[in-house]
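One-based numbering, in listed order, for ligands and for the atoms of each.
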Amino acid sequence: MIKPFEKPIYVTKPYLPPLKEFYQGLEEIWETRWLTNNGPILQRFTQDLSTLLDTDNVCLFNNGTLALQIALQGMGISGEVITTPYTFVATTHSLFWNKIRPIFVDIEPDFYTIDPEKVEAAITPWTTAILAVHVYGHPCQLDALAEIARRHKLRLIYDAAHAFGMKIGNKPIAHFGDLSMFSFHSTKLFHSIEGGMLTFQEAGLKGLFDYLKNFGFKNEVEVVMPGTNAKMNELQALMGIQVLKHLEEIIRKRARITEVYRKRLTEIPGIHLVPALSPDIQYNYAYMPIEVDRKEFGMSRDGLYEKLKEWNIHTRRYFYPLICDYPCYRSISVNGSLAVARRVADRILTLPIYDSLELSDVETICEILQFLHHKTSGKPMVGTEPARL
Ligand SMILES: Cc1ncc(COP(=O)(O)O)c(C=O)c1O
């Protein structure tokens with residue numbers, strides 16, 4: 001008999017560097033007593049990221065949400081911005097906090113990123129920018145969006161919260177669009193406990209972002225603009241530096257987990273996987289989304305989500321509900337039917353994935369899914385019969 005997991009399997013678990021390495025870093029902080037305000041460790045972390053991403057235009061923040069809010073303010077974005085309802089709420093909140101009107105358009109059905117055709121159809125004289133999301137790390141349709149932005153003279157901003165560590169044809173994903181925001185929250189494959197980063201094309205924005213994240217201070221006596229406090233501290237930067245050293249290993253392990261999931265899940269009717277990404281994309285394996293077809297699988301997505309909890313498997317319904325369905329955004333403009341986004345939001349489930357998840361546990365999760373299909377649909381077992389059934 002397959003048994004529920006003894007310890008809960010959560011959708012994610014943060015990577016932690018070896019404790020000895022972290023102690024060594026802490027000793028430096030204890031020595032200098034420099035805890036925040038552009039300290040030496042933050043400067044080193046910024047340099048490491050700059051080297052990795054091959055750009056000097058890097059600015060770090062205490063989280064991704066404030067980074068995005070500051071980006072929009074610093075770039076002077078106003079009026080209407082075309083965006084996706086299929087994302088984490090912070091994408092839209094950053095617009096709202098800047099008094100910008102989000103215009104939600106539909107996504108495409110394969111990778112769930114914003115549909116460029118729908119973007120173009122929603123442009124009005126008030127549109128100033130496109131805010132697209134590399135959801136799950138799936139790159140948006142970069143060329144199509146760049147072309148629309150160029151033709152209509154719009155700024156192209158990427159919420160790349162999920163896309164750290166990715167390259168397109170050997171070029172870091174940070175190089176696409178006018179600006180990208182990356183989140184270093186602990187739930188992400190790469191993290192600095194909490195943290196955020198902006199990368200951008202226009203070098204002049206760096207000074208502006210530095211002011212905006214530090215109260216607008218130019219020096220001890222001059223405040224040049226009404227900034228906020230969005231600085232990354234030394235402990236966050238230390239964690240970031242140390243996790244960064246293990247980035248390749250983290251991605252490699254996640255790739256292996258994804259491979260096992262994909263191999264096993266294709267055997268289960270009613271579970272739909274994202275198509276293979278184009279070979280020129282170096283993916284980061286940030287999430288493991290599946291779509292559940294109620295009829296084929298024998299149980300609804302919500303039914304499965306609840307049932308899996310009984311097996312001590314804690315999945316997430318990322319991203320459900322759609323942002324435009326939250327009461328605070330219900331009265332905000334939606335362009336078109338959002339039929340794809342609605343369908344996906346009703347079927348999506350993200351499965352556990354993190355570097356320390358054992359492959360044998362991934363196999364067990366797949367066996368449980370297969371068993372639940374078999375039990376609820378009444379259909380015969382398909383594919384490899386689990387040994388323990
Ligand atoms: C798509 C997306 N945008 C923005 C954010 C906000 O980032 P943070 O948590 O670092 O503020 C997150 C996640 O946390 C996210 O998933």
Check ligand 1 against [X] and write out every atom of the ligand that is under 4.0 Å from a heavy-atom position of the residue.
X: Ser183; value: 7 (O), 8 (P), 9 (O), 10 (O)
X: Ala90; value: 4 (C), 5 (C), 6 (C)
X: Thr87; value: 1 (C)
X: Gly195; value: 10 (O)
X: Ala161; value: 1 (C), 2 (C), 3 (N), 4 (C), 12 (C), 15 (C)

Whether [Y] and [X] form a salt bridge (side-chain N of Lys/Arg under 4.0 Å from carboxylate O of Asp/Glu) is what I want to check.
X: Lys118; Y: Glu108; result: no
X: Glu306; Y: Lys309; result: yes
X: Arg342; Y: Asp106; result: no
X: Arg347; Y: Asp293; result: yes
X: Lys206; Y: Asp210; result: yes

Q.
Quiz question: by atom type and distance under 3.5 Å, do the side chains of Asn57 and Thr199 form a donor-acceptor pair?
A. no
Q) Side chains of Ser186 and Glu194: do they bring a donor and an acceptor to under 3.5 Å? A) no
**Q.** Contact with ligand 1 for Ala67, non-hydrogen, under 4.0 angstrom
**A.** no
Q.
With a cutoff of 4.0 Å, is Lys188 in contact with ligand 1, counting heavy atoms of the residue only?
A. yes
Q.
Under the side-chain contact (heavy atoms from CB on, under 4.5 Å) test against Phe184, which residue among Leu244, Asn63, Leu60 passes?
A. Leu60
Q: Indicate, as side chain, backbone, both or neither, the part of Met181 found under 4.0 angstrom from ligand 1 when only non-hydrogen atoms are considered.
A: side chain
(Q) Taking 4.0 Å as the limit for heavy-atom contacts, which would you say applies to Thr65 with ligand 1: side chain only, backbone only, both, or neither? (A) both
Q | Shortest protein contact, atom 5 (C) of ligand 1 (heavy atom only) | A | Phe88 CD2, 3.7 Å
Q: Kindly confirm or rule out an N or O of Asp159 lying under 3.5 angstrom from an N or O of ligand 1.
A: yes
Q. So is there a nitrogen or oxygen of His162 less than 3.5 Å from a nitrogen or oxygen in ligand 1?
A. yes
